[in-house]
Amino acid sequence: MCSGKPFDGTTLASNFNVVDNHAKNTASGLTQHLTSMFYYVNVAQKLPWKLLLTAYAYGQFGRTPMNIYSYGRSWYGYAFTLQRSFLKEDRLTIRLTANAPFRKYQHEENRTTQGDILGWGDTANRANGRFFRLSVSYRFGRLQSDVRKTETSILNDDLVGGIAKSR
């Protein structure tokens with residue numbers, strides 16, 4: 001995981017994972033070994049009027065074995081969120097999310113090889129397609145993270161450099 005603040009009011013976070021995938025059938029002696037990378041990138045920017053705009057991108061490069069005969073191909077997704085908090089201590093938050101607003105369907109592609117048979121599939125998964133969401137949340141209570149300082153402390157004056165002083 002990598003995160004930082006490249007500009008004033010901007011936050012950047014990313015996460016990348018490389019996965020070594022194995023599928024094996026000991027009875028037939030067939031194996032499939034593929035490598036893929038999963039990624040997540042998040043950029044948030046503070047805007048005027050206490051608005052926060054966030055853009056997300058996530059997905060997979062490479063191939064993931066579904067079994068010893070087939071594998072799934074690369075895929076990606078993205079979303080944008082605009083939010084604003086209100087009331088004392090910003091307890092009320094209203095958030096508008098647009099998931100894949102420029103793409104109607106999420107395509108999932110897979111390939112199958114079994115002997116001389118080669119299969120290919122491309123499905124439009126409507127559940128992962130474009131959608132918009134309005135959410136409202138209210139924070140009750142209060143987080144108290146005060147650290148109290150103790151009035152007494154421990155003084156180890158009987159040790160100097162790891163050697164006990166004689167009294």
Side-chain angles (χ1 to χ4, degrees), residues 1-25 31-114 118-148:
M1 171 109 179
C2 177
S3 64
K5 295 186 175 196
F7 309 106
D8 188 34
T10 303
T11 304
L12 174 66
S14 64
N15 191 5
F16 298 92
N17 296 301
V18 176
V19 181
D20 195 28
N21 300 293
H22 294 271
K24 184 176 183 176
N25 184 321
T31 61
Q32 185 169 196
H33 175 235
L34 301 168
T35 302
S36 59
M37 181 182 85
F38 294 91
Y39 65 91
Y40 172 81
V41 178
N42 172 325
V43 179
Q45 177 64 50
K46 290 181 181 178
L47 301 173
W49 306 296
K50 293 176 57 176
L51 291 169
L52 179 66
L53 176 64
T54 307
Y56 313 87
Y58 52 91
Q60 172 197 333
F61 291 121
R63 305 174 187 172
T64 302
M66 300 165 82
N67 54 47
I68 58 171
Y69 303 113
S70 63
Y71 60 86
R73 304 213 19 146
S74 299
W75 58 270
Y76 71 95
Y78 64 96
F80 301 97
T81 299
L82 184 63
Q83 77 176 40
R84 175 130 179 355
S85 296
F86 301 92
L87 302 180
K88 183 180 176 186
E89 298 177 349
D90 292 335
R91 290 182 178 270
L92 177 69
T93 301
I94 298 176
R95 197 174 282 119
L96 177 63
T97 301
N99 188 68
F102 309 114
R103 182 174 63 186
K104 192 170 185 179
Y105 301 113
Q106 168 84 22
H107 291 279
E108 296 176 3
E109 186 178 322
N110 60 64
R111 306 240 175 190
T112 303
T113 306
Q114 190 170 3
L118 176 64
W120 174 79
D122 183 11
T123 57
N125 186 342
R126 295 176 195 270
N128 287 333
R130 169 176 49 198
F131 68 82
F132 299 92
R133 175 185 304 139
L134 175 67
S135 61
V136 178
S137 62
Y138 185 82
R139 182 174 43 91
F140 296 92
R142 184 176 177 167
L143 176 65
Q144 295 189 10
S145 60
D146 296 339
V147 178
R148 289 186 289 156

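Side chains included, hydrogens not; waters and symmetry mates left out as well; all remaining heavy atoms used. It should be emphasised that the depicted structure is a prediction, and the values quoted were computed from it without experimental measurement.
- With sequence neighbours left out, the side chain to side chain contact (heavy atoms under 4.5 Å, CB included) criterion links N21 to V19, S36, T64, P65.
- With sequence neighbours excluded, the residues satisfying ring-ring contact (aromatic ring centres under 6.0 Å, His included) with Y138 are F140.
- In this structure, Y76 and Y78 have parallel ring planes: the angle between them is below the 30° cut-off, well short of the 60° mark.
- Residues satisfying the side-chain hydrogen bond (donor to acceptor under 3.5 Å, both in side chains) test with K50, not counting sequence neighbours, are D90.
- The distance from the CG atom of L51 to the CD atom of Q83 is 9.5 Å, given to the nearest 0.5 Å.
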Could you give the side-chain donor-acceptor pairs of residues 6-18 under 3.5 Å, partners two or more places apart or in another chain?
residue: T10; atom: OG1; partner: Q45; partner atom: OE1; Å: 2.2

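- For the ring-ring contact (aromatic ring centres under 6.0 Å, His included) test, residues two or more places apart in sequence or in another chain that qualify with F61 are Y39.
- Separating the OG atom in S137 from the CG atom in L92 is a distance of 7.0 Å, to the nearest 0.5 Å.
- For R95, the salt bridge (Lys or Arg N to Asp or Glu O under 4.0 Å) test picks out no residue, with sequence neighbours left out.
- The number of heavy-atom neighbours closer than 6.0 Å to CZ of R133, taken from other residues, nucleotides and ligands shown, is 12 or below.
- Between atom CG of residue L53 and atom CG of residue L47 there is a gap of 5.5 Å, rounded to the nearest 0.5 Å.
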